[in-house]
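Below: the structure, in structure tokens.
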Amino acid sequence: MTKQLVVSGQGEGWAPAVAGHLRWIHDLLGSLRLPAEQRDVLRSRLRAVQARAADPELWVAVFGEASSGKSTLLNAFIQRRLLPSSARVTTHTTTVLRYGDGAEGMVVRMADDAVLTWPSGAFAQWAGRRYVSGPAELEDALERVLTSELAEQVRGLEVLSPVRLLGGDTAVLDTPGFSVSNRGHRELAVAAAQQADLALVVVPAVAAMSMMLVDFINGPLLDHHDRCAFVLTKVDLLDEDERSEVVELVESRLKDLGISDPVLLPCSPGEALKEITMPGARGTGASELPRFRAVEARIARLAAERRQSAIAATVLGLLSQLLSAVEESAETQRAALSRTECALAALSLPDFPAFLNAWAQRTVDRAGNEVNHAALASVPVASRAELDTKVVAAVAGDKISDMAEATGNVSRVVRLHLRKEAERAVRAAADQAGELLTSGAEELARDFTAQYSALAALVGDVWAAPVAPPVAATDLPAPDLSGVDQTLTEICARLTSSDNWRTGGGAMAGALASSLIAPGIGTVIGGALGAFIGKRSSDATRAQFLERARPIIAAAHDEIGTLISESLPRVRGGVIDSVAALCEQYEDEWGGEIARLTAANDLQRAELAAGIAAAKKAAASARHRRKKVVALRSEATRTAPDFEE
């Protein structure tokens with residue numbers, strides 16, 4: 001005695017619940033922020049479940065390996081040799097067989113969604129020959145569609161037969177026989193298993209229960225174990241004493257696969273088809289047609305008894321898979337939104353004014369150190385020796401004989417040398433300030449881009465990052481040497497105050513003459529050395545002059561650092577002004593944009609939080625609904641005793 005599934009109340013228990021779940025999924029897909037491609041896939045699957053739930057037909061799929069006798073079995077159902085053997089089938093689609101209300105025909109759905117019907121002129125033009133409506137012509141047309149180069153263009157195929165297959169409102173899915181060498185045929189069989197309400201598995205008696213068939217039964221057909229019948233074909237090729245052994249062996253193997261009470265139907269469709277199509281061709285042996293008719297009737301009764309429960313199992317199974325996909329999509333979306341939320345939170349962006357102020361302070365502090373260092377480092381070590389050489393040259397030869405002129409020359413040499421060194425130092429400081437401002441502007445542009453372009457990208461904006469503007473400490477003044485005379489005078493006065501060099505009018509003349517040429521330094525040098533104007537030799541006078549002048553000149557040279565330091569505040573002031581101008585430029589150009597992006601960031605984070613909560617809730621609801629659907633499948637179907645064979 002076999003157990004079977006029957007529906008409670010002719011489907012009234014599951015149909016309203018399915019409709020409610022489908023409405024929930026439809027509404028959810030409209031509100032859940034899924035990627036467009038993922039949402040379209042789920043909507044397509046939703047429409048497929050809706051269509052299947054509304055379809056009153058019972059879908060019976062026939063599965064089997066290549067050369068198992070599957071095509072022969074279907075031809076015996078149709079009562080004519082219509083379908084070619086699966087070994088010759090090259091089309092990558094499943095053939096659907098339906099009752100044609102007393103007529104026969106064929107509908108071909110092309111890869112480009114065009115539809116051709118047989119017989120028609122359009123079909124004849126596509127197929128390359130003229131087809132009329134006779135039986136032989138249908139066989140010829142179907143074989144051409146399934147086995148020729150035309151098969152590559154076919155996406156769907158439906159055959160209408162005047163023979164009512166397995167009772168009313170039944171569609172039979174003929175899947176290509178799968179084999180090791182043709183993965184495409186197995187993929188078609190797997191797809192058909194997902195649509196099938198009932199499964200007929202063809203098991204050839206001469207090669208029963210191969211590993212490939214066992215793998216298919218325990219894989220794609222695992223959910224069909226309670227709505228599956230096994231047709232043992234080619235039993236006529238066995239000896240009479242072998243038949244019962246093979247039946248027992250196959251039944252035992254099916255039980256090992258977890259099918260507790262398998263429906264196993266042995267028959268010889270080939271011999272039965274021969275008797276149907278060629279009544280006088282049967283030999284002297286026993287007729288196989290009655291056995292086949294009994295198997296066919298048994299399958300029809302199974303289809304009638306299990307119709308509602310099988311359709312319920314298919315629809316609820318598809319719905320369960322859809323809910324599982326919805327749950328997975330919602331979880332994926334929640335994870336993606338959470339990653340985005342974490343990325344936004346990890347930015348830790350400062351407010352824009354604080355960002356600019358921090359950069360400005362770093363740049364100004366750096367300028368204070370680097371500008372001083374650059375200025376002082378620019379005074380060469382050989383500067384003193386160079387100045388001494390210039391002074392010696394200024395009093396060389398007979399030049400020392402005219403003390404007023406010599407003193408004036410030395411004053412000019414010292415002043416020009418000090419000015420040149422001070423100007424070079426300040427210019428070096430200015431150049432360093434310009435380089436610092438240029439690198440600082442590049443740093444500002446780089447940091448600004450790193451901080452705020454990431455924010456723009458996360459809130460969905462595309463914007464051009466700022467290019468570092470060319471900046472420099474321009475219009476920097478030359479060093480202010482206005483105080484050099486006083487400085488040198490004071491130094492020289494200190495150096496000469498304790499010496500009694502002055503002798504009458506000679507000293508006064510030297511002081512007066514030199515002060516007219518170079519105020520300050522000339523006065524001191526002339527006052528200190530004027531006493532040597534007279535009858536001494538030029539060499540002695542020059543030596544004495546240089547001996548007295550060199551300490552004064554060295555002290556003046558030491559004041560270069562003071563001169564530089566007095567000029568550098570203006571350099572640093574130029575840096576500060578340039579930094580302030582750059583900050584003001586950024587504030588003017590980007591302040592409003594950053595405020596907008598910050599507001600958008602805050603809004604997006606709020607939306608992300610809401611989206612994460614919605615996705616989490618959707619996933620939990622889908623999971624809960626899927627459990628209810630699984631329970632509903634068990635509730636909508638129950639075991640009941642089947643009829644006796």
Side-chain angles (χ1 to χ4, degrees), residues 346-379 419-459 461-483 560-601:
L347 285 176
S348 300
L349 294 175
D351 66 70
F352 194 43
F355 170 79
L356 292 176
N357 289 338
W359 170 82
Q361 189 62 53
R362 288 196 308 272
T363 306
V364 170
D365 290 345
R366 182 181 170 192
N369 296 325
E370 294 189 13
V371 167
N372 285 343
H373 178 75
L376 296 176
S378 67
V379 179
R419 179 180 293 279
K420 185 186 76 170
E421 294 298 341
E423 285 182 343
R424 180 164 59 184
V426 175
R427 179 49 53 194
D431 291 343
Q432 180 64 23
E435 293 178 5
L436 186 146
L437 284 171
T438 298
S439 63
E442 292 173 350
E443 175 192 348
L444 176 60
R446 184 170 57 251
D447 290 350
F448 179 83
T449 300
Q451 293 276 12
Y452 294 103
S453 65
L455 173 61
L458 286 171
V459 299
D461 276 17
V462 178
W463 58 296
V467 178
V471 292
T474 57
D475 300 328
L476 292 173
D480 181 9
L481 301 180
S482 60
I560 291 178
T562 302
L563 299 176
I564 294 171
S565 298
E566 291 174 352
S567 297
L568 290 184
R570 301 180 69 180
V571 177
R572 289 192 291 270
V575 172
I576 292 172
D577 291 343
S578 296
V579 166
L582 191 56
C583 288
E584 184 177 356
Q585 178 182 343
Y586 266 76
E587 182 65 44
D588 290 344
E589 292 184 9
W590 296 98
E593 180 71 1
I594 297 306
R596 186 187 68 80
L597 288 175
T598 302
N601 175 40

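What you see is a predicted model, and the numbers here were worked out from it, not measured in a lab.
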Working to the nearest 0.5 Å, report the span between NZ of Lys420 and CD of Glu423.
10.5 Å
Any chance you could measure Ile594, atom CD1, to Glu587, atom CD, to the nearest 0.5 Å?
9.5 Å
Given 3.5 Å as the limit, does a donor-acceptor pair link the side chain of Trp590 with the main chain of Ala595, or not?
no
Assess, by modelled atom type and distance only, whether the side chains of Asn357 and Gln361 contain a donor and an acceptor separated by less than 3.5 Å.
no
If you take all heavy atoms of Trp359 and Ala441, which pair is closest and at what distance?
CZ2-N, 4.1 Å
Heavy-atom closest pair, residues Ala433 and Val575
CB-CG2, 3.5 Å
Which one of Leu444, Leu437, Leu356 satisfies the side chain to side chain contact (heavy atoms under 4.5 Å, CB included) criterion with Leu582?
Leu444
Over 60° means perpendicular and under 30° means parallel, so tell me whether Phe448 and Tyr586 are parallel, tilted or perpendicular.
perpendicular
From Ser439 OG over to Arg446 CZ, what is the distance, rounded to the nearest 0.5 angstrom?
9.0 Å
So, taking the atom named CD in Glu370 and the one named CZ in Arg572, what distance separates them when rounded to the nearest 0.5 Å?
13.0 Å
